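One structure is given below, encoded as structure tokens.
Given the structure is predicted, the values throughout are model-derived calculations rather than measurements.
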Amino acid sequence: QVHLVESGGGLVQVGGSLRLSCEASGRTLSGRVMAWIRQAPGKERVFVAAVPWNGGRTFYADSVKGRFIISRDNAKNTVYLQMDSLIPEDTAVYYCATRDDSVIFYRSSAYNYWGQGTQVTVSS
């Protein structure tokens with residue numbers, strides 16, 4: 001199995017920034033895709049960003065393009081989500097997730113390992 005632990009969430013004001021981290025342990029991440037998925041209060045989980053661990057094209061939800069950047073540090077088995085120009089609509093629990101291959105899906109059900117989530121709250 002893959003164990004994922006998110007960190008870096010918190011409370012920020014509109015226009016602020018946060019960097020989320022997801023540290024993985026257990027099985028190798030080689031050949032996997034790493035994704036960030038968020039769930040706002042009362043809503044379903046929605047795709048945010050993803051990157052193949054071995055390299056390749058990154059993908060972002062339209063709602064975060066130009067504001068969020070996903071990156072990885074292979075030596076640390078860690079994936080990051082740099083979030084800039086935050087708006088109240090970004091308020092959600094952010095989850096790190098992965099699936100068994102490098103194919104990126106927008107449906108949260110496509111991912112089979114999940115972290116516990118980290119809360120991001122953006123206030124006006």
Side chain to side chain donor-acceptor pair (under 3.5 Å) filter on Lys43, not counting sequence neighbours, yields none

Same hydrophobic cluster for Met34 and Trp36, using side-chain heavy-atom links shorter than 4.5 Å among ILVMFWY?
-> yes

Residue pair Pro52 / Ile104: nearest heavy atoms and the distance that separates them | CD-CD1, 4.2 Å

ILVMFWY cluster, Val122 and Met83 together (side-chain gap under 4.5 Å) = yes

Is the closest side-chain heavy-atom distance between Ile69 and Tyr60 below 4.5 Å?
-> yes

Hydrophobic cluster membership, Val48 vs Leu86, 4.5 Å side-chain cutoff = yes

Quick one: does Trp53's side chain get under 4.5 Å of Asn77's, heavy atoms only?
-> yes

Sequence neighbours excluded and cut-off under 3.5 Å, please list the side-chain donor-acceptor pairs for residues 11-29, or say none.
{"from": "Ser17", "atom 1": "OG", "to": "Asp84", "atom 2": "OD1", "distance (Å)": "2.8"}
{"from": "Arg27", "atom 1": "NH1", "to": "Tyr113", "atom 2": "OH", "distance (Å)": "3.4"}
{"from": "Thr28", "atom 1": "OG1", "to": "Ser30", "atom 2": "N", "distance (Å)": "3.2"}

The side chain to side chain donor-acceptor pair (under 3.5 Å) partners of Asp90 (sequence neighbours excluded) come to Arg38, Arg67

Are Tyr111 and Leu4 connected in a single hydrophobic cluster, I mean Ile/Leu/Val/Met/Phe/Trp/Tyr linked by side-chain heavy atoms less than 4.5 Å apart?
-> no

Heavy-atom distance under 4.5 Å between the side chains of Phe47 and Phe59, does that happen here?
-> yes

Spacing of Glu6 atom CD and Tyr94 atom OH [to the nearest 0.5 Å] = 12.5 Å

Identify the two heavy atoms, one from Gly117 and one from Val93, that lie closest to each other, and give their separation to 0.1 Å.
-> CA-CG1, 3.8 Å

Gap between atom CG of Asn112 and atom CH2 of Trp114 - 0.5 Å precision | 10.0 Å

Results of side chain to side chain donor-acceptor pair (under 3.5 Å) for Ser85 - residues two or more places apart only = none

Does the pair Asp101/Arg32 count as a salt bridge with the N-to-O cut at 4.0 Å?
-> no

Just how far is it from atom CD1 of Ile37 to atom OG of Ser108, taken to the nearest 0.5 Å?
-> 5.5 Å

Contacts of Asn74 meeting side chain to side chain donor-acceptor pair (under 3.5 Å) (sequence neighbours excluded), chain-then-number -> Arg72

Roughly how far, to the nearest 0.5 Å, is the CD1 atom of Ile70 from the OH atom of Tyr80?
-> 12.0 Å

Identify the two heavy atoms, one from Val79 and one from Ser71, that lie closest to each other, and give their separation to 0.1 Å.
-> CG2-O, 3.0 Å

If we only count heavy atoms from C-beta on, is the Val33 to Val103 side-chain gap below 4.5 Å?
-> no

For Phe105, the ring-ring contact (aromatic ring centres under 6.0 Å, His included) test, sequence neighbours excluded, returns none

